[in-house]
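First comes the structure, then the notes that go with it.
In what follows, chains are A, B, ... by sequence order, proteins preceding strands, each numbered from 1.
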Number of protein chains: 2
Amino acid sequence: MDELDRKISNLLAEDARRSLSDIGAAVGLSASAVNERIRRLAASGAIRKFTVDADPAAFGKPILAFVWIALAAEADEAGFRAFARSQATIAECHHVTGPWSYIVKVHVGSLPELEAFLSELKAARFIARSETVIALSSVVDGPFDPTEPRHV
Amino acid sequence: MDELDRKISNLLAEDARRSLSDIGAAVGLSASAVNERIRRLAASGAIRKFTVDADPAAFGKPILAFVWIALAAEADEAGFRAFARSQATIAECHHVTGPWSYIVKVHVGSLPELEAFLSELKAARFIARSETVIALSSVVDGPFDPTEPRHV
DNA sequence: TATTTTGCGGTCAAGCTCATCCATGGCCGC
DNA sequence: GCGGCCATGGATGAGCTTGACCGCAAAATA
């Protein structure tokens, strides 16, 4: 992971379909040298995968919200995590410091859909308390992955 | 944006280097038909770009934090937004409902680095108040883009 | 209503760029 | 001085790209 690897990664992040020769010309390496470095970056896990950055609105999920969750005392944490991974609407879920247990980032199509999601959380008896914050606009937008039923 | 487009997008999100023939076989189309659909998805903006999902830790940013920000009364909002876009550590920045003005998602290398970032925010006189939450672990992780000085 | 027209979206085939593989050679470390 | 690692350059084959043709469906005209 030297300066060249970082440059190559940046170029790939901008456009992963660049040709190896283009990248090589940009960083001062031959195409096969670049190929070998990319192979190593992928093998080491520094590059997790080649993917596409999509527009949530185009996939019917124009609304972005953050939900703070305090787990119920009786909720089993593993069950909640499995639930979070199975939910298509959950783009991110992090265990965090502070008064709340988890922060969850969700993409939904409408406010009723958001309400349904919250109801489901409550019905599953995972949460003791929650607080929802809706994004009005995004100054810096993160990448969006349209295929969300990750793991299983 | 029909069912085929969604399937193709999902396949690309899993692995953007799949060959057109592979995708075609998976969805029941010819390679060039798939090519045309991908071209349209990219032209319409449904697919924003082809990119790589990287491991933040491999790029020296193992720590993920969320910072709530209440803008100072005298802060000019446009200046703050420009600042947010110029910051390499800011992965996301959203204008939100609720008592806080913005939520910012940051990737940093260490806690001192996080502290320096917060100091910079304060020194620039943008914030009246802030609250920082650190992610202990990620149940569902979002994609990470290593090249963060986005716009300019 | 029947017929024609128009346009979109698909398949197929051909040319050619580009990724991959391999052998050679140079550089650094042991 | 020796060995391992890595970049270079060329050959081969896969796969992307382009263009022409075909079929279907919707709209327009008689």
Side-chain angles (χ1 to χ4, degrees), chain A residues 1-62 109 143-148 150, chain B residues 1-62 109 143-148 150:
Chain A
M1 174 60 57
D2 57 4
E3 189 53 37
L4 284 175
D5 284 330
R6 267 187 290 274
K7 276 190 192 170
I8 292 173
S9 302
N10 286 351
L11 291 169
L12 286 177
E14 281 171 18
D15 179 8
R17 295 205 293 188
R18 276 194 150 88
S19 77
L20 294 178
S21 358
D22 276 5
I23 299 174
V27 302
L29 247 52
S30 76
S32 48
V34 173
N35 189 33
E36 175 61 14
R37 279 177 178 265
I38 293 176
R39 196 196 57 74
R40 271 203 305 267
L41 285 168
S44 74
I47 292 180
R48 292 198 280 230
K49 65 178 180 179
F50 288 75
T51 183
V52 291
D53 174 22
D55 177 10
F59 287 84
K61 313 234 165 186
F144 171 69
D145 182 345
T147 163
E148 317 243 0
R150 297 159 203 273
Chain B
M1 175 59 58
D2 57 4
E3 189 54 36
L4 283 176
D5 285 330
R6 266 186 291 274
K7 275 190 192 171
I8 292 172
S9 302
N10 286 351
L11 291 169
L12 285 177
E14 281 171 17
D15 179 8
R17 295 207 291 189
R18 274 195 153 87
S19 76
L20 294 178
S21 359
D22 275 6
I23 298 173
V27 303
L29 248 54
S30 77
S32 47
V34 172
N35 189 33
E36 176 61 13
R37 277 176 178 265
I38 292 176
R39 195 196 59 73
R40 274 203 302 268
L41 285 168
S44 74
I47 291 181
R48 291 199 279 232
K49 65 179 180 178
F50 287 75
T51 184
V52 291
D53 173 22
D55 177 11
F59 287 83
K61 313 233 166 186
F144 171 69
D145 182 345
T147 164
E148 315 244 1
R150 295 159 204 273

CG of B/L11 to CD1 of B/I38: how many Å apart, nearest 0.5 Å?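 Rounded to the nearest 0.5 Å, the CG-CD1 separation comes out at 9.0 Å.
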Could you tell me the separation between the CG atom of B/D15 and the CD1 atom of B/I23, rounded to the nearest 0.5 Å?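 So the gap between those two atoms works out to 8.5 Å.
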Using a heavy-atom cut-off of under 4.0 Å over every strand shown, decide if A/R37 touches base, sugar-phosphate, or nothing.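 Sugar-phosphate contact only - A/R37 comes under 4.0 Å of backbone atoms but never of a base.
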B/K7/B/E3 salt bridge by N-O under 4.0 Å criterion: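 Between B/K7 and B/E3 there is no salt bridge, as every charged N stays at least 4.0 Å from the carboxylate O atoms.
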For the student: nearest non-hydrogen atoms of A/P146 and A/A54, plus distance: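 Taking every non-hydrogen atom into account, CD-CB, 3.9 Å.
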Quick one: closest heavy-atom pair of B/I8 and B/V27, and the distance?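 That would be CG1-CG1, 4.2 Å.
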Test log, rule side-chain contact (heavy atoms from CB on, under 4.5 Å), inputs A/D5 and A/R37: CA-CA 7 Å; A/D5 284 330; A/R37 279 177 178 265; 3.0 Å; yes
Check whether any side-chain N or O of A/S32 sits under 3.5 Å from a backbone N or O of A/N35 as a donor-acceptor pair, and report yes or no.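 Side chain of A/S32 to backbone of A/N35, a donor-acceptor pair under 3.5 Å: no, none is there.
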Pairs under 3.5 Å (N/O, protein and nucleotides 23-29 of chain C):
none

Please work out which residues in residues 23-36 of chain B have a non-hydrogen atom less than 4.0 Å from an atom of DNA chain C and list them by number.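 Those residues are B/L29, B/S30, B/S32, B/A33.
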Not counting sequence neighbours, which residues clear side chain to side chain donor-acceptor pair (under 3.5 Å) with A/R17? List them please.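 Per chain and number, A/R17 pairs via side chain to side chain donor-acceptor pair (under 3.5 Å) with no residue.
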Please find the earliest and latest nucleotides of DNA chain D, in the 5' to 3' direction, that have an atom within less than 4.0 Å of any heavy atom of chain B.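 For DNA chain D, the relevant span reads D/dC16 to D/dT18.
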Rounded to the nearest angstrom, tell me the gap between atom CG in B/D2 and atom C1' in C/dC8.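 B/D2 atom CG is separated from C/dC8 atom C1' by 13 Å.
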Between the first and last five pairs of the helix from C/dT1-D/dA30 to C/dC30-D/dG1, the angle of the axes, rounded to 10 degrees: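 The angle separating the two end axes equals 30°.
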With a 4.0 Å limit, can you tell me whether B/R40 has a side-chain N or O closer than that to the phosphate oxygens OP1/OP2 of C/dG9?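 True: B/R40 side-chain N/O within range (under 4.0 Å) of C/dG9 OP1/OP2.
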Residue pair A/M1, B/F59: steps toward the side-chain contact (heavy atoms from CB on, under 4.5 Å) verdict: CA-CA 8 Å; A/M1 174 60 57; B/F59 287 83; 4.3 Å; yes
Given B/V34, which partner from the list B/L4, B/L29, B/L12, B/D22 fulfils the side-chain contact (heavy atoms from CB on, under 4.5 Å) test?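 Looking at B/L4, B/L29, B/L12, B/D22, the match for B/V34 under the side-chain contact (heavy atoms from CB on, under 4.5 Å) is B/L29.
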If we only count heavy atoms from C-beta on, is the A/L41 to A/S9 side-chain gap below 4.5 Å?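 Yes, their side chains come closer than 4.5 Å.
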Do B/K49 and B/D145 make a side-chain contact, defined as non-hydrogen atoms from C-beta onward lying under 4.5 Å apart?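 Yes, side chains in contact.
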For B/R48, what residues pass the side chain to side chain contact (heavy atoms under 4.5 Å, CB included) criterion, not counting sequence neighbours?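 For B/R48, the residues satisfying side chain to side chain contact (heavy atoms under 4.5 Å, CB included) (neighbours in sequence not counted) are A/D53, A/D55, A/P56, A/D141, A/F144.
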